[in-house]
Amino acid sequence: MTAFSGVVETELRSRVSELLAHRYQHPVAPEFIVIKLPPAEVKADFTIVVFPLAESAGVPPQQLAEQLAAELPTLWPEIDKAEAIRGYVNLLLSDRFWCDFLLQQRTNPHYGHATTKQPRVLVEFCGPNTNKPLHLGHLRNIFIGYAVSEILQAVGHEVIRVNILNDRGVHICKSMLAYKKFGKHETPESSGVKGDFLVGEYYVRFEQELKKQIDALRAEGMSEEEARRNAPLQQEVQQMLQAWEAGDPEVRGLWATMNNWVYQGFAQTYRKLGVWFHKEYFESETYLKGKQLVLEGLKKGVFYQKADGSIWADLSDEGLDHKLLLRSDGTSVYITQDIATAVERWNDFAPAQMIYTVASEQDYHFKVLKAICRRLNLPFAEGIHHLSYGLVELPTGRMKSREGTVVDADDLIDEMKATAARYSAQHGKIADLSQAEQQQLFQDIGLGALKFFILKVHARKRMVFHPEESIDFHGFTGPFVQYTHARICSLLAKAGTLPAEVNLPSSLQSVEREVLRTVYRYPATLAEAAAELEPAVLANYLYHLAKSYNQFYHELPVLQVEDSAIRTFRLLLSDFVRRILADGLSLLGIPAPRRM
RNA sequence: GGUCCGGUAGCUCAGUUGGAUAGAGCAUCAGCCUUCUAAGCUGAGGGUCAUUGGUUCGAAUCCAAUCCGGAUCACCA
């Protein structure tokens, strides 16, 4: 009911509420009074929607609107003009109010950020398998998870960032087996191939060789399923998995070696992306641990056992199915180890919430996980939250690493960087920077384009990525916002130091007012982005702020203004916008270069 | 089949939680650099908000049904 709003809305609500109570004997709680931003054509800062009030008060809307318009300015002197039009009261605040707002807030080092402490939360993101490099899907996950972490921190939460490494299982053995058979002892060093890519090559190689064997068997007359089961590689990889689980030293040794290659590769990519974790959890360390919890649950009667010995949860009373928790041979399944991992995290950090950044294909899984933790009476059960996001697909459909149809994260980052370099060369504005500075700048812009491209879309939507249509650097993009920031930096550099004592201009231009109105919305925007766990809210806002600043910049001179009050005011406004752009971008994990 | 998610301009997406004539970007067309960074600014064209019904003073937004696309319901992870 109460939308995300700021100090003015709060003030207006309480004034209107008082007015209705005292003057019209019609009490309405402030939070039920609807304050909106008027459409662009209307020359006003805020709009009170009178219809709901009129209805319950039994007064015609236009009549009540006129009464409010007549009385409100006397109750709150900051209201310069109040007009009643077709059941709306359009309010224009005074120039003085907006100037004061700028002067007060520009020195606030935490503008938009919360000053009160919020509970500790844990955010899991990334979640790679250790048999292949990170791809575009991981990038969306990482960008969302990182940005949500930053945003939650901005509104006062202590945020613990964790990763989950899917480092064991048959798919990991596949690359190991292929390496053992075809690897000829090559290493990342000897081959010059980044560790995660090297391991990924063997994963693909396994699938290729397996397919050959299957095709050969089918040519001999076996069915698809039969051939798959009987292919020698399939049997070998199962044996390898058993050897791994039995702790076979040779298999474990190869596993550790290859996983370390992958981790070194990941570390490079994380560094490039600017992300990090407080702690990494390894499935190899938790996959056995959930069993005890399940057995306790069985003892307490929250689960049941079938005749074959397998253990199940009956969740049908809450619209979910029966869920297997332990196989008939007593081994764990995926969800069993997830329970264990959650318990471990609870013991490590005791967070009020555990947020899992995981693709929407696992929506059902997380419903089940939460339900089971609840039934086990685990203290963190209610705090489990699945931050679900839509898959990134290619025009040809889903990315399949087995078939090699993936967009590798590193490759994409490099392409973006190259594109940024091409644009920069065209514009020729940064030729005086050193080579190293230029390289860093290209990286910042390329990553800015990529991260913004992904984050500006609401997480729940799935997105199709067209590799041949390169990501844009103009319009509603990261570079546009970065450019606006750099432009302001340049302006301020030419202006020198900002004066401490300020005279305010006597009146504001409409573009200035529009920029101030947008600046005003920043705290409410952050609050909304945090509450919704939705970086897109922030990305959209930053674009609008940059857009309105560019209009201001184009329409009005700053440095050449004679009147020192106006010149100073515009510089301060520019500086404030610059700060918000830089702050907002950094919450999205996007650097804000000072030149470009 | 059950459940969940999505459907808004040619394309990619917003839409302030039920409010005024539905907005951006890209693409197309037309303008603006002897002035603070043209990765910018201004303008034009482009819409049956999937469909139908309902609730309401008022619906892209809420409800129901239908259509289309996707995911999921494994002794896989």
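Below, chain A is the first sequence line, B the second, and so on; all start at residue 1. Because the structure is predicted, anything quoted here is derived from the model rather than measured.
The distance from the NZ atom of Lys429(A) to the OH atom of Tyr483(A) is 4.0 Å, given to the nearest 0.5 Å. Annotation: the span from Leu542(A) atom CG to Thr525(A) atom OG1 amounts to 8.5 Å, rounded to 0.5 Å. Interatomic distance, Ser284(A) OG to Glu245(A) CD, rounded to the nearest 0.5 Å: 11.5 Å.
In this structure, Leu556(A) reaches the bases: a heavy-atom distance under 4.0 Å links it to at least one base atom across the strands shown. Met463(A) comes within 4.0 angstrom of sugar-phosphate atoms only, judged by non-hydrogen atoms across all strands, and of no base. Note on Tyr334(A): a base of the nucleic acid sits closer than 4.0 angstrom, heavy atoms only. Residue contacts shown for Arg422(A) are absent, as no nucleic acid heavy atom lies under 4.0 Å away. Using a 4.0 Å heavy-atom criterion, one finds that Pro52(A) contacts the bases of the nucleic acid, with or without backbone contacts as well. Within 4.0 Å (heavy atoms only), Tyr543(A) reaches sugar-phosphate atoms of the nucleic acid but no base atom. In this structure, Ile445(A) reaches the bases: a heavy-atom distance under 4.0 Å links it to at least one base atom across the strands shown. Nucleic acid contact for Glu9(A): none, since no nucleic acid atom lies under 4.0 Å from a heavy atom of the residue.
Nearest nucleotide to the Phe476(A) side chain, out of G25(B), U16(B), A20(B): G25(B). When distances run from any side-chain atom of His554(A) to the nucleotides G25(B), C26(B), C41(B), the shortest one goes to C41(B). If you check U72(B), A77(B), U16(B) against the side chain of Glu283(A), the one that comes closest is A77(B). Comparing atom distances between the His365(A) side chain and each of C57(B), U72(B), A77(B) picks out A77(B) as nearest. Side-chain proximity of Phe4(A) to U35(B), C57(B), U17(B): nearest is U17(B). Nearest to the side chain of Glu393(A), among U17(B), G70(B), C36(B), sits G70(B). For Val457(A), counting side-chain heavy atoms from C-beta on, the closest listed nucleotide (C13(B), A39(B), U72(B)) is C13(B). Taking the side chain of Lys367(A) as heavy atoms from C-beta on, and the options U3(B), U37(B), C5(B), the nearest nucleotide is U3(B). Taking only side-chain atoms of Arg595(A), from C-beta outward, the nucleotide of U37(B), U17(B), C4(B) with the closest atom is U37(B).
In this structure U3(B) sits in a base pair with A71(B), meeting the Watson-Crick or G-U test at under 3.5 Å. In this structure A60(B) sits in no base pair that meets the Watson-Crick or G-U test at under 3.5 Å. Under the Watson-Crick or G-U wobble criterion, with both distances below 3.5 Å, G25(B) is paired with C11(B).
Not less than 6.0 angstrom separates the ring centroid of Phe366(A) from the ring centroid of His385(A). Between Phe552(A) and Tyr549(A), the ring center distance clears the sub-6.0 Å criterion.
Close to C36(B), at under 4.0 Å from its OP1 or OP2, lies no side-chain N or O of Arg487(A). Residue Tyr483(A) places at least one side-chain N or O closer than 4.0 Å to OP1 or OP2 of A39(B). Under 4.0 angstrom from either OP1 or OP2 of G15(B) there lies at least one side-chain N or O belonging to His458(A). For Lys547(A) and U42(B), the shortest distance from a side-chain N or O to OP1 or OP2 is below 4.0 Å. At least one side-chain nitrogen or oxygen of Arg86(A) sits closer than 4.0 Å to the OP1 or OP2 atom of U21(B). OP1 or OP2 of A39(B) lies within a sub-4.0 Å distance of a side-chain N or O belonging to His427(A). Phosphate contact (OP1/OP2 of G70(B), side-chain N/O of Lys461(A), threshold under 4.0 Å): absent. Contact annotation: Arg327(A) side-chain N/O to A77(B) OP1/OP2 distance is under 4.0 Å. At the phosphate of G40(B), OP1 or OP2 sits under 4.0 Å from a side-chain N or O atom of His474(A).
A gap of 15 Å separates the P atoms of G10(B) and G45(B), to the nearest Å. Taking atom C1' on both U21(B) and G7(B), the two are 25 Å apart, rounded to the nearest angstrom. A74(B) and G69(B) have their P atoms separated by 24 Å, with the value rounded to a whole Å. Between the C1' atoms of U52(B) and C68(B), the separation comes to 15 Å (whole Å). Of the P atoms belonging to A77(B) and U12(B), the separation is 36 Å, rounded to the nearest Å. Using P as the reference atom, C26(B) and A44(B) are 16 Å apart when rounded to the nearest Å. The separation of A50(B) from A59(B), taken at their P atoms, amounts to 15 Å, rounded to a whole angstrom. Taking atom C1' on both U61(B) and U17(B), the two are 8 Å apart, rounded to the nearest angstrom.
The base of A39(B) lies close enough to the side chain of Ser424(A) for a donor and an acceptor atom to sit less than 3.5 Å apart. A donor-acceptor contact under 3.5 Å links the side chain of Asn90(A) to the base of A20(B). Side-chain atoms of Thr484(A) and base atoms of A39(B) include no donor and acceptor less than 3.5 Å apart. Between the side chain of Lys429(A) and the base of U37(B), a donor-acceptor pair under 3.5 Å is found.
Between Phe480(A) and A39(B), no base-stacking contact is recorded for ring centres under 5.5 Å apart and planes less than 30° from parallel. A distance cut-off of 5.5 Å between ring centres, combined with a plane angle under 30°, places Phe51(A) in a stacking arrangement with the base of G19(B).
Nucleotides of RNA chain B nearest to Pro557(A) and Gln551(A) differ in position, and the one nearer the 5' end is that of Pro557(A). Nearest-nucleotide assignment on RNA chain B puts the 5′-proximal partner with His544(A), out of Arg398(A) and His544(A).
Residue Phe366(A) contributes atom CZ, which lies 18 Å from atom C1' of U3(B) at whole-angstrom precision. Between Tyr364(A) atom OH and C5(B) atom P there is a gap of 15 Å when expressed in whole angstrom units. When rounded to the nearest whole Å, the span between NZ of Lys323(A) and P of A74(B) equals 7 Å. Spacing between atom CZ of Phe453(A) and atom P of C11(B) amounts to 16 Å, rounded to whole angstrom units.
Checking side-chain atoms of Glu9(A) against main-chain N and O of Ile35(A) turns up no donor-acceptor pair under 3.5 Å. Here the side chain of Asn540(A) pairs a donor or acceptor atom with the backbone of Ala536(A) at under 3.5 angstrom.
With Thr336(A) as the partner, the side chain to side chain contact (heavy atoms under 4.5 Å, CB included) test is satisfied by one option alone out of Thr341(A), Leu293(A), Leu326(A), Thr331(A): Leu326(A).
For C67(B), the base is anti relative to its sugar; the glycosidic angle deviates from 0 by more than 90°.
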From CA spacing to verdict: side chain to side chain donor-acceptor pair (under 3.5 Å), Asp167(A), Asn259(A)
CA-CA 7 Å; Asp167(A) 63 339; Asn259(A) 273 354; 4.6 Å; no

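Ion pair Arg13(A)/Glu31(A) not flagged as a salt bridge, since none of the NZ, NE, NH1 or NH2 atoms sits closer than 4.0 Å to an Asp/Glu carboxylate oxygen.
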